[in-house]
Structure formats: C-alpha cells, structure tokens
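This one's a predicted model, so the numbers in the text were calculated from it and none came from an experiment. Numbers restart at 1 for each chain; the letters A, B, ... are given by sequence-line order, proteins then strands. Quick note: numbers below take in every heavy atom, side chains included, and nothing from hydrogens, waters or symmetry partners.
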Amino acid sequence: MYRTHNCGELRNENIGQTVVLSGWVQKIRNLGGMTFVDIRDRYGISQLVFDDKNQNLCDKARELGREYVIKIQGKVIERSNKNSKMPTGDIEIIVEELTVLNKSEIPPFTIEENTDGGDELRMKYRYLDLRRDSVKKNLILRHKMAHEVRNYLDENNFIEIETPILIKSTPEGARDFVVPSRMNKGEFYALPQSPQVFKQLLMISGFDRYYQIVKCFRDEDLRADRQPEFTQIDCEMSFAEQEDILNMFEGLAKHLFKNIKGVDFNDEFLRMTWADAMKYYGSDKPDLRFEMKFVDLSEIVKGNNFKIFDEAEYVGAICAESCASYSRKQLDALTDFVRRPQVGAKGLVYVKYNEDGTFKSSVDKFYSQEDLKKWADAFSAKPGDLLLILSGNRNETLTSLGQLRLEMANRLNLINNNKFAPLWVVDFPLFEWNEEAKRYTAMHHPFTSPKEEDIDMLDTNPGDVRANAYDLVINGVEIGGGSIRIHDNDVQQKMFKLLGFSKEAADSQFGFLMNAFKYGAPPHGGAAFGLDRWVALFSGLESIRDVIAFPKNNAGRDVMIDSPSIISDEQLKELNLKVTKEPS
RNA sequence: GGUCUGGUAGUUCAGUUGGUUAGAAUAUCGGCCUGUCACGCCGAGGGUCGCGAGUUCGAGUCUCGUCCAGACCGCCA
C-alpha cells in the first residue's frame with residue numbers, strides 16, 4: 001500500500017494514528033541531530049521528522065534529494081513548534097519506515113511558490129512547473145468550472161454530443177489547420193475552427209439543446225489570450241429567440257459566478273448595443289469596471305478656424321478626473337502613447353480645468369475660456385479635471401480613444417481587480433467591409449441572421465444591416481458570443497451571394513448544410529464561450545497559457561515536446577506530399 | 001509580414017566612456033548544528049557573456065547579420 005492519507009489532510013484529530021504517505025521531497029532541513037523533510041503531493045505538504053534515536057533511518061533521510069519520490073510509514077504526533085502558515089502545521093509524522101520509490105535529478109528551477117525559474121525554462125519543464133501550487137490551482141479551477149458548466153447545462157436539458165475533429169476546410173474566417181489524407185491522395189481534412197455547422201445540423205436532427213466542451217483550432221498568429229488550439233463551451237438551442245438564449249447563458253454565467261467565485265448577481269446583466277459600445281467606449285468589448293465615457297464634441301468645437309477640428313469627421317474626448325496638474329512631460333507621454341502606430345492617432349489635444357476655474361489648453365490660440373468651459377460642461381467636469389481630445393476619421397478615432405481610455409484607467413489605478421462587470425453587447429453589424437478583398441465579410445459567421453427589420457437593407461446598404469448577434473463581455477474581455485442562425489434557405493443563399501460566394505462555391509462548401517435546411521430546419525441559435533479566457537478571468541490572470549496544462553508559445557511551438565517537427569521521407573511519400581522549403 | 005524588449009554561473013539578475021582575474025543572490029556539493037519550516041554558520045565548485053562576422057591595441061559592453069524568448073500591430077467570422 002502506498003498511502004493511507006494524502007499529504008494535505010492530516011490534522012489534530014489524526015494524532016496517534018499510524019499512517020502511510022507517498023509523495024515528493026519538497027525540502028530537507030538537516031539540523032544535525034534531527035532532520036525535517038517536507039513531503040508534498042497534489043493535496044498539500046506534511047512535515048516528516050527523523051530523530052537520531054534511529055541512526056540508520058536518519059542517515060537515509062539525509063541522503064534524500066529534492067523531488068525524490070518517497071513512501072513513509074510513521075506516527076502522527078502533535079508538534080511542539082506549530083506552524084500556523086501550514087494547514088497541516090499542527091502535526092508532524094515521526095517516521096518509522098522510509099522507502100525511496102524513485103530518485104530525482106536536481107530540478108532546473110525550484111518547485112516553490114516563488115520559483116527562481118523564468119518562463120522559458122518553466123515551459124520546457126512544464127511537468128515540473130505543474131507541481132507548483134500556483135500553476136496547479138489554475139488547472140483545478142478549470143476542472144471545477146468545466147464541471148459546473150456541465151451541471152448547469154445538464155440541469156437545463158442540454159446534451160453533450162461530440163462532433164468530428166477531422167472535417168472540411170472552408171474559406172470563411174480564420175486560416176485552417178489542415179491534415180493530409182493518406183487514403184485520399186491530394187486531399188486534406190481541416191481541423192474545426194468551431195463545431196459551427198455540426199451543431200446546426202444537430203438542431204435539424206432535433207437535438208433541441210446541445211453543448212460540448214470542445215477543442216477548436218485556428219492557424220493565426222498568437223497573443224497572450226490566443227492559442228492555436230483552445231477550448232470552447234459550445235452551445236446551441238432550437239425554438240429559441242435571442243432573448244431566450246441571452247437568459248439561458250446569463251444563467252450559466254451567474255451559476256459560475258455564484259458557485260466558483262461566490263459572487264451573486266441579482267440584477268440582469270447590462271445590455272448595450274454595439275453602436276453604443278463603440279460610441280461611448282470605442283470598443284466592442286468595453287471594460288465597465290470604470291466609467292470615463294466618451295463625449296462627442298464634434299459639433300461644439302467647430303467654427304473657430306482650428307482646421308484640424310473643422311475638418312475632422314469626429315472629435316471626441318474623455319475626462320480624466322483630477323489630472324489637470326499633469327506636467328508637460330506627462331502630457332507628452334500621453335501624446336506619444338496615442339501616436340504609437342498601434343494606437344494610430346495623429347495627435348492629442350488637452351484642456352486643463354484648473355483648480356482656480358481657469359482653462360489651459362493646447363488650442364488656446366483658437367478657443368476662448370468660454371468655449372473651453374462649454375466643453376468641460378459637456379462632461380460635467382470639475383475644476384482639477386483634464387480633458388483629452390482626439391479627432392479624425394470617426395471609427396479610427398473612437399478606437400484610439402478607447403485605447404487611451406484604458407491607458408488612463410491603468411495610470412490612474414481605476415481598475416478594481418476584485419470587481420466583475422459583465423454585459424451583453426448586442427446588435428452587432430452583420431457585415432464588415434474588407435478593404436483588402438474589396439467585399440463584405442461576415443462579422444460573426446455566414447450563418448448569422450439579420451434583424452428582421454433590417455432585411456430590406458440587405459439589397460441597398462448591407463453595411464448598415466444589424467445582426468441577431470451578441471457577445472458576453474466581462475471586464476473588457478470577450479468571454480463568448482453567438483447569434484440566431486439563418487434557418488431560411490432563401491436568406492442563406494442571399495447571404496452567400498453578398499459574401500461573394502458563387503452558387504457553385506456555396507454548394508461545394510456548404511451544400512450539405514443547404515440540403516439539410518430543406519428538410520425542416522427549426523429556428524435556432526446559440527453561443528460559444530472561451531473556457532480558457534473565462535478561467536483566466538476567474539483566476540485573475542492576463543494570459544490563458546497559465547490555465548492550459550500544456551500550452552504553446554507565441555510562435556505556436558510546444559517547447560517541451562518540440563513541436564511542430566519535420567516528418568520522415570517515408571511519411572511524406574505515403575501522404576503524397578513534397579516539402580519545397582527547408583525549415584530554417 | 002512589421003514594431004519593440006530581452007538573451008551573462010543550474011536559476012534569477014548586476015556589470016559604469018570599450019580597459020586587471022566577469023560579480024551578487026539562490027540552487028548544488030562538503031563541514032558544523034536536536035525544533036526547523038525562506039533553518040543558521042563556515043567553506044568549495046560552477047561561465048562558449050545565445051551564435052557568427054566586423055570596428056579596435058583591447059569587446060559582456062559598439063556595429064551588422066542570425067537564432068531563441070516575450071509583448072504588441074497586421075491577422076484572429
């Protein structure tokens with residue numbers, strides 16, 4: 001027998017018992033006469049004592065090294081020196097028998113809460129990093145969340161159904177990962193970017209309410225919150241309107257908040273149209289943990305011969321409270337920030353509302369104190385506040401201002417990390433203009449239905465058509481989203497046409513779905529949520545890598561197993577493939 | 001594809017205008033130590049300064065190239 005207890009559970013009530021523990025050597029403290037060894041497993045750490053009354057055993061203990069796997073038998077006793085920092089700190093185990101189950105080489109970094117290892121090294125030895133409590137606890141949280149998702153959806157009659165991983169490449173959306181087919185030479189499978197079409201087919205099959213916690217794959221460049229393979233909570237419902245779906249998944253979110261974070265949301269989540277989100281926050285995923293709403297100054301700044309504003313399509317600003325005392329250096333830093341290519345603004349105009357009620361701005365040449373007072377009043381600004389103004393093309397300026405808003409919130413420490421601000425962003429546009437391809441692309445995906453009242457505009461101005469699409473946003477993170485699907489073949493055909501598919505292309509890519517629609521497709525819609533992001537949000541982490549057991553780096557490499565890798569000539573031949581460029 | 005930051009002991013880092021034998025902490029190893037829990041004290045070993053060119057009397061330090069890692073832009077319905 002390897003163990004009667006785990007290393008985290010022994011307490012006062014176990015005193016006097018003889019126990020068997022197995023685990024890893026965390027730390028050895030050799031005091032000469034006696035030796036303490038901390039033994040660790042997934043559940044915790046217990047202290048072992050070796051007394052030199054048993055010289056043999058004591059000598060053996062001193063030969064142990066970090067991360068040796070050992071089994072001990074001993075007696076639980078009360079500590080004379082208790083350690084209140086450890087859950088097992090009231091007791092210790094006097095060892096009677098010690099077995100080394102496996103030795104360990106010296107690990108390349110310390111397996112402790114504050115490890116001395118850098119990211120790169122810890123990635124290479126991920127299996128060792130996962131022994132650390134701070135990493136391990138993320139995976140445990142992930143398990144709990146997945147479990148609660150299943151509980152909630154099961155209670156609501158959802159059925160978990162698996163869909164294929166080897167599917168077909170489609171032109172819309174992200175780049176596909178492809179898999180060559182040996183039996184069908186020259187042909188390729190693709191890995192799913194999401195189980196989108198399959199879940200719609202399941203609705204046609206009558207499965208009413210489907211879900212799946214499933215891997216999705218997208219071959220695009222990565223970020224801290226993007227992995228080439230990631231996990232979605234994928235859901236679909238039949239006979240459901242947008243309202244039904246929002247309520248169902250708001251319920252899921254509240255269930256997770258309550259059962260995982262112990263946070264109760266009694267009120268309905270805020271709902272904001274996409275247009276308002278852009279207008280007031282310059283983002284389709286606004287962080288509402290703080291306000292700092294935009295004010296549109298386009299009208300009131302015009303007509304003073306300040307060319308930049310007069311010619312701008314849009315002039316908007318935020319009000320940074322109590323920042324009128326900003327120095328020239330600080331304002332220059334903000335100007336540099338907005339002028340970075342990533343933000344893209346051309347310049348920044350400021351107005352200081354001084355404590356004495358006067359105004360000082362970078363455009364004093366063009367505007368009087370009364371003019372500037374009007375601007376400040378548009379914000380209900382107080383003396384001591386600072387207005388930061390951007391101007392230019394409407395959409396780009398809104399986006400830049402959105403980034404400035406986040407930057408100011410960070411500088412001013414306005415973001416409360418213990419607060420959760422969820423909202424639904426609704427009424428997304430159906431299409432997005434793609435300048436490169438000179439055509440519309442689906443903002444969500446090609447099966448998203450347009451708003452009933454906007455259908456007429458499909459022919460006249462598709463860019464203004466709103467979709468029955470929605471995103472769940474929490475703290476500025478897009479946690480998930482979905483849409484009501486098109487279940488009418490005519491509308492679907494029109495959609496394909498607007499997206500630039502020929503009839504033939506649509507048939508060859510999605511013919512199976514169009515066919516299925518002919519046999520009685522129920523009205524349906526759904527949503528998908530990014531499990532990785534949700535777990536990261538709940539654990540307070542910026543990067544989703546820390547909530548994935550074996551993540552890939554920013555070049556899509558797994559530095560532990562060293563993938564991707566080349567394959568043998570035999571494999572290539574079998575697959576009928578030829579590599580034309582040697583890997584560098 | 002682009003921009004930026006970094007790469008020095010097992011590890012995390014410092015290293016001045018370019019100038020003697022490249023340091024600290026920690027880890028490791030040895031010695032001492034019976035109540036430690038970041039144990040303590042004494043001592044030791046440990047370096048292709050990512051790699052390759054170049055400038056120079058002399059390069060960890062400057063220049064160019066290259067590789068690796070990270071953040072971001074493009075991209076990601």
A:Asp546 atom CG is separated from B:A71 atom P, nearest whole Å, by 10 Å
When rounded to whole Å, the CG to P distance for the pair A:Asn434 and B:G74 reads 13 Å
Taken in chain and number order and not counting sequence neighbours, the residues that satisfy salt bridge (Lys or Arg N to Asp or Glu O under 4.0 Å) with A:Asp284 are none
Within residues 106-122 of chain A, the residues having a heavy atom closer than 4.0 Å to RNA chain B are A:Ile106, A:Pro108, A:Asp116, A:Gly117, A:Gly118, A:Glu120, A:Leu121
Across every strand shown, the nucleotide meeting Watson-Crick or G-U wobble geometry with B:G6 (both distances under 3.5 Å) is B:C68
Counting distance alone, no hydrogens or angles: does the base of B:C75 have a donor or acceptor under 3.5 Å from a partner atom on the side chain of A:Arg226? yes
Contacts of A:Gln47 meeting side chain to side chain donor-acceptor pair (under 3.5 Å) (sequence neighbours excluded), chain-then-number -> A:Arg29, A:Glu92
Query raised in the report: What does A:Glu92 touch in the nucleic acid at a heavy-atom separation under 4.0 angstrom: a base, only the sugar-phosphate, or nothing?
Result: base
Taken to the nearest whole Å, CZ/A:Arg340 to P/B:A71 is 15 Å
Between CD of A:Gln193 and C1' of B:C75 the distance, given in whole Å, is 13 Å
For B:A38, the nucleotide meeting Watson-Crick or G-U wobble distances (both under 3.5 Å) is none
Here the distance between atom P of B:U34 and atom CD1 of A:Ile94, to the nearest Å, is 16 Å
Contacts satisfying salt bridge (charged side-chain N to carboxylate O under 4.0 Å, His left out) that involve residues 393-410 of chain A (not counting sequence neighbours) are A:Glu407-A:Arg411
By ring-ring contact (aromatic ring centres under 6.0 Å, His included), A:Phe447 pairs with (sequence neighbours left out) A:His445, A:Phe510
Here the distance between atom C1' of B:A69 and atom CG of A:Asp558, to the nearest Å, is 15 Å
According to the interplanar angle, ranging from 0 to 90°, do the rings of A:Phe249 and A:Phe529 count as parallel (below 30°), tilted (30 to 60°) or perpendicular (above 60°)?
tilted
Judged by nearest nucleotide, the residue sitting upstream toward the 5' end of RNA chain B, A:Asn554 or A:Ala442, is A:Asn554
Exercise for review: Ignoring backbone atoms, test whether A:Arg557 places a side-chain nitrogen or oxygen under 4.0 Å from the OP1 or OP2 oxygen of B:C68.
Suggested key: no
As its Watson-Crick or G-U partner within any shown strand, both distances under 3.5 Å, B:U20 has none
A:His487 meets the side-chain contact (heavy atoms from CB on, under 4.5 Å) criterion, sequence neighbours left out, with A:Ala521, A:Pro523, A:His524
Assert: residue with more 5' nearest nucleotide on RNA chain B, out of A:Ala174 and A:Asp225, is A:Asp225
task: Considering only atom P, compute the distance from B:A69 to B:G58 and round it to an integer number of Å.
output: 35 Å
Per the under-4.0 Å heavy-atom filter, residues of residues 53-89 of chain A near RNA chain B come out as A:Arg66, A:Arg79, A:Ser80, A:Asn81, A:Lys82, A:Asn83, A:Lys85, A:Met86
**OP:** Could you walk me through whether A:Ser449 and A:Asn468 pass side-chain hydrogen bond (donor to acceptor under 3.5 Å, both in side chains), step by step?
**Re:** CA-CA 6 Å; A:Ser449 67; A:Asn468 291 310; 2.9 Å; yes
Here the distance between atom C1' of B:A71 and atom CD1 of A:Ile544, to the nearest Å, is 15 Å
Hits for salt bridge (Lys or Arg N to Asp or Glu O under 4.0 Å) against A:Lys71, two or more places apart or cross-chain, chain-then-number order -> none
State whether A:Glu478 and A:Lys285 are salt-bridged, where the test is any N-O pair (Lys NZ or Arg NE/NH1/NH2 against Asp/Glu carboxylate O) under 4.0 Å.
no
In short, salt bridge (charged side-chain N to carboxylate O under 4.0 Å, His left out) pairs touching residues 483-492 of chain A with sequence neighbours left out are A:Glu236-A:Arg485
Could you list all N or O pairs between the protein and nucleotides 39-44 of chain B that sit under 3.5 Å apart?
unit_1 : atom_1 : unit_2  : atom_2 : d
B:C39  : OP1    : A:Lys27 : NZ     : 2.6
B:C39  : N4     : A:Asn30 : O      : 2.6

A:Lys552 NZ to B:C68 P, in whole Å, measures 17 Å
Set out, line by line, the N/O atom pairs under 3.5 Å between protein and nucleotides 23-25 of chain B.
none

Just the table, please: protein N/O against nucleotides 1-4 of chain B N/O, every pair under 3.5 Å.
unit_1 : atom_1 : unit_2   : atom_2 : d
B:G1   : O6     : A:Asp221 : OD2    : 3.2

| query | Would you find a donor on one side and an acceptor on the other, under 3.5 Å apart, between the side chain of A:Arg66 and the backbone of A:Val25? | reply | no
